[in-house]
Amino acid sequence: MGTPRFAGNIAAVNISRAQAARLPLAAAILVLILVGSGFLTDEGPAGIRDEDTSAVRWLAGHRTPWLVRATEAATWLADTWTVIAATAVDDRERRSAGLRPVGAEPRPAHPM
């Protein structure tokens with residue numbers, strides 16, 4: 001049976017059926033926690049919605065041309081495509097320097 005083509009690049013992960021069956025349950029619990037905490041923060045005893053609305057009104061009332069330009073620049077820098085391009089440039093620079101790409105650090109081999 002030979003060695004799989006990508007055996008040197010990808011660490012083998014062996015999970016049992018019981019472990020795999022628990023994944024949807026764990027995902028559902030995480031979603032419930034996320035939705036529940038969002039609801040409590042927005043509608044619950046914290047009452048963040050009113051404070052958030054008043055902050056937006058205050059910012060709109062104190063808007064200046066400089067603040068508008070700064071917000072546009074920050075929005076552009078946080079754009080998904082800008083982040084992807086910056087990551088690609090960083091990855092190319094790391095490779096040209098002889099470094100491994102981020103996330104490709106060597107892992108110990110797992111017995112198959």
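Residues: numbered from 1 along the sequence shown.
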Short side-chain to backbone donor-acceptor contact, T82 and L77, under 3.5 Å
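Here the side-chain-to-backbone pair does not exist.
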Side chain to side chain contact (heavy atoms under 4.5 Å, CB included) against W81, all qualifying residues, sequence neighbours excluded
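Expected list: D79, I84.
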Once rounded to the nearest 0.5 Å, what's the spacing between atom CD1 of I29 and atom CG of L34?
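Separation between the atoms: 14.0 Å.
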For residues H62 and L67, report the shortest heavy-atom separation together with the two atoms involved.
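Taking every non-hydrogen atom into account, O-CD2, 4.5 Å.
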